[in-house]
Number of protein chains: 2
Amino acid sequence: MSQFWSANQTQTNSEGSRAILVANSVEKKSDIEAAKLATTGGKIPVRPSATVLKICPHNSAVSCASCRLSELCLPIALNKSEIHQLDAIVERNRPFKKGEHLYRQSDEFKSVYAVRSGSFKSYFLSDSGQGRVTGFYMPGEIIGMDGIASHKYANSTAALEHSSICEIPFSQLEKLSQELPSLQHHFFAIMGNEIAKDQQIHTLLSSYTAEERTASFLLGLSSRYARVSLSPTRFLLSMTRGDIGEYLGLTVETVSRIFTSLQKKGLISVNNREIELLNIENLREIISGS
Amino acid sequence: MSQFWSANQTQTNSEGSRAILVANSVEKKSDIEAAKLATTGGKIPVRPSATVLKICPHNSAVSCASCRLSELCLPIALNKSEIHQLDAIVERNRPFKKGEHLYRQSDEFKSVYAVRSGSFKSYFLSDSGQGRVTGFYMPGEIIGMDGIASHKYANSTAALEHSSICEIPFSQLEKLSQELPSLQHHFFAIMGNEIAKDQQIHTLLSSYTAEERTASFLLGLSSRYARVSLSPTRFLLSMTRGDIGEYLGLTVETVSRIFTSLQKKGLISVNNREIELLNIENLREIISGS
DNA sequence: CGTAGTGTTGAATTGAATCAAGTGTCGTGG
DNA sequence: CCACGACACTTGATTCAATTCAACACTACG
């Protein structure tokens, strides 16, 4: 039994416990089994659940207060009563199937979304029809801020695997931010972070080689997996090589070639969507040695 | 007498009036002459000035209420009394000389800045010493939002020409946003706009050719000049070819070559830093034909 | 079980980088 | 005010990293 983690999985800390195996396979497990897996050894205490349903990572009945992502997502820095107020405006939609769209380019902007489980990609379609991936989103991350200024989403966003999200109507978020200074502060920070991140990618795209971009991408994923308590060294890619290429400004073929070349160098191990980072130090050196 | 406009210049609408000639030359004109130029035919009414000094584009005595950029910059959508409150927290610093730094990478984040005149570039220095330009900023635009999340600026920012700015201490901006819903709303919009803009550049860098990037850059400058009532077809570049290259992910040589090639095609006319867009339609076609 | 989508690998091509040599421009100090 | 030096820009020849084209293998799913 292999051990590659996707953002759909609940990784545990105790050695004895195990986790769900393959991306998108969650639904194939029985609720009972999923419950057993998820309740053993989780870092963040989960409210004793009335029904097993509560445990499924796509379950829409979790409140912000009980969500295991609460310390990464919007509720950070809010106190209990404030979280309760936030909770009231969050809409927990039905899960999204792989390929389903959260919204499409130039749809009217209404909400931002927090990823609860799974993952999403945003992409921009140019007039000439070809698309470019502008971002990947993992649990705890916020989607849709590109629509705030123009009241229309600038990108389309689709689920990469079976995923679930929390919808936060923006006008209500604004209203609440007016009442809760720490929410306003935190949302400014979230947007500032998005800006800083986008500028890093600007640097990456304008000066890094294909190998540097790819190494940087893998390390980025790694630390984002770590953030949600999944293994930073072994994980499943939810996106295709094509998606990665469109994101990094490379072709599918180049991405594939770089993966095999990094493997030959002993830095990573690739098997389809399964990635293992064997030597994070040397991966870092690839980037700084530019 | 040529007619190329820089962000330092005050362009007027009436045909009879003239404007200051060359970038960075403002200080060489007498205050009297500058005053005469600036007061004739300006679109936005300027308060009758007690001293001629008021007219200089770098003059720090202008209030938000009287600033000709007020409808582009932060005060947008604020009413008179609100603008007054904003005014109270804005610090109008001494002008910056060409090359002077507003802040440096990893300085403690304290303020965001609104460009009042001139222009700035932000750039990121990697460990390996080489820098990459992450953005250019023109009058009415906001600088420094990359520092909000981490409390440290992620970039360095320097003046490209003699320039002046309004400093807005961020903690005070937050406090005021708490009181003025429309300020909060507008600042969310400004940040959202920065995010959308950065994602556009992501697309540009990951799929456009050198020619497409350059055309897109020129058209972008053009519409930003138009925003501040300067000619969208004739302007002076305040940045070097090297800066442009670092921004677009190209080398100096390539930028230079593309400029001459676009000139040969009759789309633009280049003379040093003087740019004229001769055929905006065809420039647009270069981009969409990707 | 077949088909569409995804991934790999190789060979040829090419757009932009690099290397190199020059001219042009600006600001400074004599 | 001019001469100098540093920087900015241009142009050409060569190289190279990544794309393109092409053929094939794998996988996953109805």
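By convention in this document, chain letters (A, B, ...) are assigned in the order of the sequence lines, proteins followed by strands, and residues within each chain are numbered from 1.
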Heavy atoms, side chains only, cut-off 4.5 Å: are A:Leu248 and A:Val133 in contact?
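A side-chain contact under 4.5 Å is absent here.
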Whole Å only: how far is the [atom1] atom of [X] from the [atom2] atom of [N]?
{"X": "A:Glu246", "N": "D:dT19", "atom1": "CD", "atom2": "C1'", "value": "15 Å"}
{"X": "B:Gln263", "N": "D:dT10", "atom1": "CD", "atom2": "C1'", "value": "12 Å"}
{"X": "A:Leu236", "N": "D:dT27", "atom1": "CG", "atom2": "C1'", "value": "14 Å"}
{"X": "B:Arg213", "N": "C:dA17", "atom1": "CZ", "atom2": "C1'", "value": "12 Å"}
{"X": "B:Glu274", "N": "D:dC9", "atom1": "CD", "atom2": "P", "value": "13 Å"}
{"X": "A:Gln130", "N": "D:dT19", "atom1": "CD", "atom2": "P", "value": "12 Å"}
{"X": "A:Lys97", "N": "D:dG30", "atom1": "NZ", "atom2": "P", "value": "11 Å"}
{"X": "A:Ile258", "N": "D:dA17", "atom1": "CD1", "atom2": "P", "value": "11 Å"}

Quick one: do the [X] and [Y] side chains pair a donor with an acceptor below 3.5 Å?
{"X": "A:Ser122", "Y": "A:Thr157", "result": "yes"}
{"X": "A:Gln130", "Y": "B:Ser207", "result": "no"}
{"X": "B:Thr233", "Y": "B:Glu276", "result": "no"}

Residues that A:Thr134 engages under side chain to side chain donor-acceptor pair (under 3.5 Å), provided they are two or more places apart
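Result, side chain to side chain donor-acceptor pair (under 3.5 Å) vs A:Thr134: A:Asn155.
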With a 4.0 Å cut-off on heavy atoms, is A:Gly245 in touch with a base, just the backbone sugar-phosphate, or nothing at all?
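No contact at all - A:Gly245 keeps every heavy atom at 4.0 Å or more from the nucleic acid.
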Considering all heavy atoms of both residues, which atom of B:Met239 and which atom of B:Ile244 are nearest to each other, and what is their separation?
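Residues B:Met239 and B:Ile244, closest heavy atoms: CG-CG1, 3.5 Å.
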Report, one pair per line, the protein and nucleotides 6-10 of chain C atoms (nitrogen or oxygen only) whose separation is under 3.5 Å.
unit_1, atom_1, unit_2, atom_2, d
C:dG7, OP1, A:Arg273, NE, 2.8
C:dG7, OP2, A:Arg241, N, 2.8
C:dT8, OP1, A:Arg241, NH2, 3.4
C:dT8, OP2, A:Arg241, NE, 2.9
C:dT8, OP2, A:Ser256, OG, 2.9
C:dT8, O5', A:Ser256, OG, 3.2
C:dG10, N7, A:Arg257, NH1, 3.0
C:dG10, O6, A:Arg257, NH2, 3.4

Within the pair B:Thr251 and C:dA16, is there a side-chain N or O less than 4.0 Å away from OP1 or OP2?
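No, because none of the side-chain N or O atoms of B:Thr251 sits under 4.0 Å from OP1 or OP2 of C:dA16.
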